[in-house]
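What follows is a short report on a single structure.
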There are 2 protein chains.
Amino acid sequence: MNTLAEENYLKSIYHLSLTTQNVSTNQLAALLNTKAASVTDMVKKLADKQLINYARYQGVSLSASGEKIALQIVRKHRLWEYFLVEKLHFKWDEVHEMAEEMEHISSKELVDRLDKFMNFPKYDPHGDPIPDSDGNFNTHELKPIATIGVNESGIISGVRDHSAGFLQYLEKQQLTIGKKIKVTEIIGYDNSMILQANDKQIHISREVANNLLIVI
Amino acid sequence: MNTLAEENYLKSIYHLSLTTQNVSTNQLAALLNTKAASVTDMVKKLADKQLINYARYQGVSLSASGEKIALQIVRKHRLWEYFLVEKLHFKWDEVHEMAEEMEHISSKELVDRLDKFMNFPKYDPHGDPIPDSDGNFNTHELKPIATIGVNESGIISGVRDHSAGFLQYLEKQQLTIGKKIKVTEIIGYDNSMILQANDKQIHISREVANNLLIVI
DNA sequence: TAATAAATTTAGACAAGTCTAAATTTCCAT
DNA sequence: ATGGAAATTTAGACTTGTCTAAATTTATTA
């Protein structure tokens, strides 16, 4: 169908499109660990295949068909992550690299059966929504803890930083998906926060507060 | 680690080595759906990496390290096939292509956990033995039904032809792994056989008898 | 608004893996 | 034992995806 490289470009464009409407060559190069010149080449090929919209010097966006493909890849990635954590008992910081490979297994029937096997999960182990067979997914309102004030509370529901280091830190602090937290104090000096969670006080930096997402 | 193409070459050499000690360029080209010239090129690269033994015009064989890699790929292929049939309820004739992709997922930890998740199966859905984490596997004595005589019996335990067409035929005749069969008659004219199986008489051609394997 | 910096694209090259056509080696039958 | 057929290898070319270096376009800022 599409090559491995093409799939990775579409996926990366999809992710970057969530926060930018026209994704730049440099953004893609950074995310894909390649050079801007290589991105330009590839982007031309994807445009020829009508998978993206591209105008020289103006960045790219996904076409309808490109987005459809990207969503199927995201679906596979998140379902396999769920499988690895729920069935094979990997930790949430261990599954990303494996899912990066597994997301390219092509059979749609396979992924649909995997979905059913796991009872149609709605969120992956990091709280990201899993698109269904048609590409639709829940969009609950997630906001960084940093955006709420003292005495406000919420439920940990996602992360903005998916790095193993951050996930391990959260695990150690028991700040995991589903936990209820309440902000008890904000330190004016560095904007760090003290949270009430698991019947304990936990002090988190501004950076952590920016990368940990809750629903209210 | 190794490229996709390299892994496929090693796997093919492994399979052909089961019946030939020096695998020829043409054999490989046929199995890999490529041309002899391409095989020669690739075989040189694998020899440079010490994964195979190769002398011009003399065919190839796996080195110890090459065999180790090949066995890990075979292990992954068969475990994923088992997963697809036992957990996702695919039919035995549907899983080969999917497993061809899945066998290249690299994580050893993943495949070992998959193995455990399924309770360390010893045979895949077609009766082929699954190597364990160290590459060791059962070698039970399998022989084609064609090699036994009237009134002799055995248990269906494997196939020599893995094509979907053959597997579907067997499924329809209920000649599946584990079934007990007895030869009640051999037709001299075309060497076809009449079997007693599932309390029924089943007439199979010589070709089928050659491709269906039993243990006695 | 002109000049400089930053971003992007073009040009030309390279590695992996494949191909066709031609050359070489091996094998087999006489 | 040798001549031709079959198998294999070599030579040269192509595609995909990448790279560096140079050229071009866009953005910034003075």
Side-chain angles (χ1 to χ4, degrees), chain A residues 1-17 19-62 66 69-70 73 100-101 103-104 106, chain B residues 1-17 19-62 66 69-70 73 100-101 103-104 106:
Chain A
M1 179 98 80
N2 301 288
T3 68
L4 186 59
E6 285 171 345
E7 291 198 349
N8 284 330
Y9 271 83
L10 292 176
K11 183 184 54 158
S12 295
I13 295 167
Y14 174 80
H15 286 310
L16 292 171
S17 291
T19 49
T20 326
Q21 77 279 40
N22 264 8
V23 176
S24 76
T25 301
N26 264 358
Q27 278 179 294
L28 272 173
L31 189 56
L32 285 161
N33 248 293
T34 183
K35 298 300 156 73
S38 310
V39 172
T40 300
D41 288 345
M42 198 63 186
V43 133
K44 283 192 218 161
K45 291 177 196 164
L46 293 171
D48 285 347
K49 290 188 166 194
Q50 322 256 351
L51 297 172
I52 62 174
N53 310 116
Y54 169 60
R56 274 156 82 254
Y57 296 100
Q58 305 306 308
V60 302
S61 62
L62 290 173
I69 293 168
I73 298 166
E100 288 285 302
E101 293 182 55
E103 72 192 4
H104 301 290
S106 59
Chain B
M1 178 98 79
N2 301 289
T3 67
L4 187 60
E6 284 172 346
E7 290 198 349
N8 284 331
Y9 271 83
L10 292 176
K11 183 185 55 159
S12 294
I13 294 167
Y14 173 81
H15 286 310
L16 292 170
S17 292
T19 50
T20 326
Q21 77 280 38
N22 265 7
V23 176
S24 75
T25 301
N26 264 359
Q27 278 179 293
L28 272 173
L31 189 56
L32 286 161
N33 248 295
T34 182
K35 297 300 156 74
S38 309
V39 172
T40 299
D41 288 345
M42 197 63 184
V43 134
K44 283 192 217 161
K45 291 176 194 163
L46 292 171
D48 285 348
K49 291 188 167 194
Q50 321 257 348
L51 297 172
I52 62 175
N53 311 115
Y54 168 61
R56 274 157 80 256
Y57 296 102
Q58 305 306 307
V60 302
S61 62
L62 290 173
I69 294 168
I73 299 166
E100 288 285 302
E101 293 182 56
E103 73 191 2
H104 301 291
S106 58

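In what follows, chains are A, B, ... by sequence order, proteins preceding strands, each numbered from 1.
Of the two residues contacting DNA chain D, namely B:A37 and A:E6, the nearest-nucleotide position lying further toward the 5' end is that of B:A37. Map B:Y57 and A:S38 each onto its nearest nucleotide of DNA chain D; the residue landing nearer the 5' end is B:Y57.
In this structure, the NZ atom of A:K44 is 14 Å from the P atom of D:dT18, given to the nearest Å. A straight line from CG of A:L10 to C1' of D:dG17 spans 15 Å, rounded to a whole angstrom. Straight-line distance from the CG atom of B:L28 to the C1' atom of D:dT8: 13 Å, rounded to whole Å. In this structure, CG of B:N26 is placed 14 Å from C1' of C:dT25, rounded to the nearest angstrom. To the nearest angstrom, P of C:dA16 lies 14 Å from OH of B:Y9. Note: CD (B:Q58) to P (C:dT26) measures 6 Å, nearest angstrom. Atom pair B:N33:CG and C:dG17:P shows a separation of 17 Å (rounding to whole Å applied). Here C:dT18 presents its P atom at 8 Å from NZ of B:K45, a figure rounded to the nearest Å.
Residue A:S24 has no polar side-chain atom (N or O) positioned under 4.0 Å from OP1 or OP2 of C:dA7. Close to D:dT26, at under 4.0 Å from its OP1 or OP2, lies no side-chain N or O of A:R56. Close to D:dT18, at under 4.0 Å from its OP1 or OP2, lies no side-chain N or O of A:K35.
Closest non-hydrogen pair, B:N22 versus B:Q27, comes out as O-OE1, 4.1 Å. Between B:Y54 and B:A47, the shortest heavy-atom distance links the atoms CB-CB, 3.9 Å.
B:L51 has its side chain out of reach of B:K45: every pair of non-hydrogen atoms, C-beta onward, lies at least 4.5 Å apart.
Residue-level contact check: B:T34 touches the backbone only, with heavy atoms under 4.0 Å from sugar-phosphate atoms and none from bases. Among the heavy atoms of the strands lying under 4.0 Å from B:T25 are primed sugar atoms or P, OP1, OP2 only; no base atom is included. Within the nucleic acid shown, B:T40 comes within 4.0 Å of at least one base atom, counting heavy atoms only.
Considering only side-chain atoms of B:A5, the nucleotide from C:dT18, D:dG17, D:dT9 that sits closest is C:dT18.
The main-chain N or O of B:S106 is found under 3.5 Å from a side-chain atom of A:E101 such that the two form a donor-acceptor pair. Looking at A:T3, its side chain does come within 3.5 Å of a backbone N or O of A:E6 through a donor-acceptor pair.
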